[in-house]
Amino acid sequence: KRRGKKKKKKKNFFKKTVEDSVKEHICLNAPVIMGLKPAAIFTVTKAEKEILEEIFSKNSDFVIETLYSGTKDSIFLYRKGLLEGQLAQKKIKRFLYSLKLGYQEGENSLCRFKERFRRYKEEGEIFPHEVGVFLGYPLWDIRAFIETPEKKAQFTGYWKVYFDPEGALKRFQLFDQCIKEFMDMAKRSESLSGMVECCLRQAQAA
């Protein structure tokens, strides 16, 4: 009898360490670190979150908050000054109040958003589409997405673009370039600590 050939197990040459994953998170969120956008939401493991919290605690303008904790955590990374400036705009306040979703004058809009995100994850409520306000998307695009969902976007990048495609494209290119620069930095840095030192120095200058 001919014996069938045993299949060789494929070696995983690209297995990432926790530090590799943290580097990747830092690179993908370079636009926040460099002040091109106020905030980002992404998912991490408990170990990755612990390292990221330690890293960003070195600069008081950066804040990491947990929006939802499960097997993995959904975290909100933001630059305090930028986000506060974003939410202080009268047009932003008026828009949030107009949604009739519990945002009220005199209350902390971020706390309300965090509660809505938690209910979405834990209780299956509708996704808080006003998230774009907190991530720094153009208000006209957020409004179009929420108020006229049947409207076709001109194109989709970091968000759905309905108006000012040229302006949006320029911002997308800035984000892409920023991420590329951080990825190049990650390749040059042998250690996570070396990369962190470099990126926080750049953030301080931004």
Side-chain angles (χ1 to χ4, degrees), residues 25-26 28-46 48-50 52-53 55-57 59-149 151 153 156-164 167-168 171-172 175 178-179 203 206:
H25 288 309
I26 290 173
L28 294 177
N29 290 288
V32 177
I33 296 169
M34 295 306 295
L36 297 178
K37 61 193 298 274
I41 296 174
F42 53 104
T43 303
V44 295
T45 64
K46 309 289 185 186
E48 290 163 7
K49 184 178 77 169
E50 190 176 330
L52 286 164
E53 286 174 334
I55 287 169
F56 289 108
S57 67
N59 185 318
S60 60
D61 193 42
F62 288 104
V63 181
I64 288 181
E65 295 195 27
T66 302
L67 296 178
Y68 171 76
S69 186
T71 306
K72 289 188 174 183
D73 289 355
S74 297
I75 63 172
F76 187 56
L77 167 67
Y78 63 95
R79 292 196 69 154
K80 191 176 178 182
L82 281 178
L83 185 60
E84 286 178 351
Q86 169 85 353
L87 298 179
Q89 295 179 52
K90 288 183 179 179
K91 63 181 181 180
I92 296 294
K93 288 181 177 180
R94 284 196 300 267
F95 173 68
L96 288 174
Y97 302 155
S98 74
L99 296 175
K100 309 296 184 185
L101 294 171
Y103 292 96
Q104 297 178 16
E105 194 168 353
E107 288 188 350
N108 188 312
S109 296
L110 180 55
C111 287
R112 174 63 58 184
F113 169 72
K114 285 160 57 180
E115 176 63 15
R116 281 179 45 72
F117 190 92
R118 183 194 66 76
R119 288 180 180 176
Y120 155 69
K121 295 291 284 189
E122 293 182 0
E123 300 171 22
E125 291 196 4
I126 295 172
F127 181 81
H129 292 296
E130 72 276 15
V131 61
V133 166
F134 300 88
L135 301 181
Y137 301 166
L139 185 55
W140 50 70
D141 286 333
I142 301 168
R143 189 183 293 276
F145 179 76
I146 293 176
E147 296 179 355
T148 54
K151 185 179 177 69
T156 301
Y158 288 87
W159 64 81
K160 286 191 174 183
V161 177
Y162 297 88
F163 304 100
D164 189 21
R171 285 190 69 186
F172 292 171
F175 292 172
C178 188
I179 291 169

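Residue numbers start at 1 and run along the sequence shown.
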Any side-chain heavy atom of Lys37 sitting closer than 4.5 Å to one from Phe175?
yes
For Lys151 versus Tyr162, what's the shortest heavy-atom pair and its separation?
O-CE2, 3.4 Å
CZ/Phe127 to CZ/Phe117 distance, rounded to the nearest 0.5 angstrom?
6.0 Å
Sidechain N-carboxylate O distance under 4.0 Å for Arg116, Glu125:
no
Determine whether a donor-acceptor pair (N or O, by modelled atom type, separation under 3.5 Å) exists between the side chain of Thr66 and the backbone of Ser69.
no
What I'd like to find out is whether the side chain of Asp61 reaches to under 4.5 Å of the side chain of Leu82, using heavy atoms alone.
no
Rounded distance [0.5 Å steps], CD1 in Ile146 versus CG in Asp141
11.5 Å
Looking only at non-hydrogen atoms, find the nearest pair between Lys72 and Val44 and report the distance.
CB-O, 3.3 Å
Closest non-hydrogen atoms of Val32 and Pro38, given as atom of the first, atom of the second and distance, are CG1-O, 3.8 Å
Might you confirm whether atom CD of Glu147 has over 12 heavy atoms from other residues, nucleotides or ligands at distances under 6.0 Å?
yes
Salt bridge check: are Asp73 and Lys46 linked by an N-O gap of less than 4.0 Å?
yes
Are Phe145 and Val161 close enough, and set up right, to give a side chain to side chain contact (heavy atoms under 4.5 Å, CB included), and what steps lead you there?
CA-CA 9 Å; Phe145 179 76; Val161 177; over 6 Å; no
State, yes or no, whether a side-chain contact exists between Leu101 and Phe113 at a heavy-atom distance under 4.5 Å.
no
Is the gap between the ring centers of Tyr97 and Phe95 under 6.0 Å?
no
Please answer whether the main-chain N or O of Ile33 pairs with a side-chain N or O of Arg79 as donor and acceptor at a distance below 3.5 Å.
yes
When rounded to the nearest 0.5 angstrom, what is the spacing between OH in Tyr120 and OH in Tyr68?
10.5 Å
Residues Arg118 and Glu123 bridged, charged N to O under 4.0 Å:
yes
If you round to the nearest 0.5 Å, how far is CG of Leu96 from NZ of Lys91?
12.5 Å
Are any non-hydrogen side-chain atoms of Ile41 and Ile75 less than 4.5 angstrom apart?
no
Take Ser109 and Lys93, measure what side chain to side chain donor-acceptor pair (under 3.5 Å) needs, and give me the verdict at the end.
CA-CA 9 Å; Ser109 296; Lys93 288 181 177 180; over 6 Å; no
Do the ring planes of Tyr158 and Phe172 sit parallel (below 30°), tilted (30 to 60°) or perpendicular (above 60°)?
tilted
Check whether any side-chain heavy atom of Leu139 lies under 4.5 Å from a side-chain heavy atom of Ile92, and answer yes or no.
yes
Quick check against the 3.5 Å criterion: does Arg112 have a side-chain atom that pairs as donor or acceptor with the backbone of Glu107?
no
To the closest 0.5 Å, what do you measure between CG (Leu110) and CD (Glu115)?
12.0 Å
Please give me the minimum heavy-atom distance between His25 and Thr43, naming the atom from each residue.
CE1-O, 3.5 Å
Could you walk me through whether Phe42 and Leu52 pass the side chain to side chain contact (heavy atoms under 4.5 Å, CB included) test, one step at a time?
CA-CA 12 Å; Phe42 53 104; Leu52 286 164; 4.0 Å; yes
Ring-plane angle category for Phe56 and Phe62, please: parallel below 30°, perpendicular beyond 60°, tilted otherwise.
tilted
State, without any angle test, whether Asp164 and Trp140 hold a side-chain donor-acceptor pair at a distance under 3.5 Å.
no
Heavy-atom closest contact (Asn29 atom, Leu77 atom, distance):
CB-CD2, 4.2 Å
Using the rule given for side chain to side chain contact (heavy atoms under 4.5 Å, CB included), can you reason through Trp159 versus Arg171, listing the C-alpha separation, both sets of side-chain angles and the distance that settles it, and then say yes or no?
CA-CA 11 Å; Trp159 64 81; Arg171 285 190 69 186; 3.6 Å; yes
Which is it for Lys160 and Tyr137 under the side chain to side chain contact (heavy atoms under 4.5 Å, CB included) test, yes or no, and what are the steps along the way?
CA-CA 9 Å; Lys160 286 191 174 183; Tyr137 301 166; over 6 Å; no
Rounded to the nearest 0.5 Å, what separates atom CD1 in Ile179 from atom CE in Met34?
12.5 Å
Grab the two heavy atoms, one from Leu36 and one from Cys178, that are nearest each other, plus how far apart they are.
CD1-CB, 4.0 Å
Glu50, CD: over 12 other non-hydrogen atoms inside 6.0 angstrom:
no
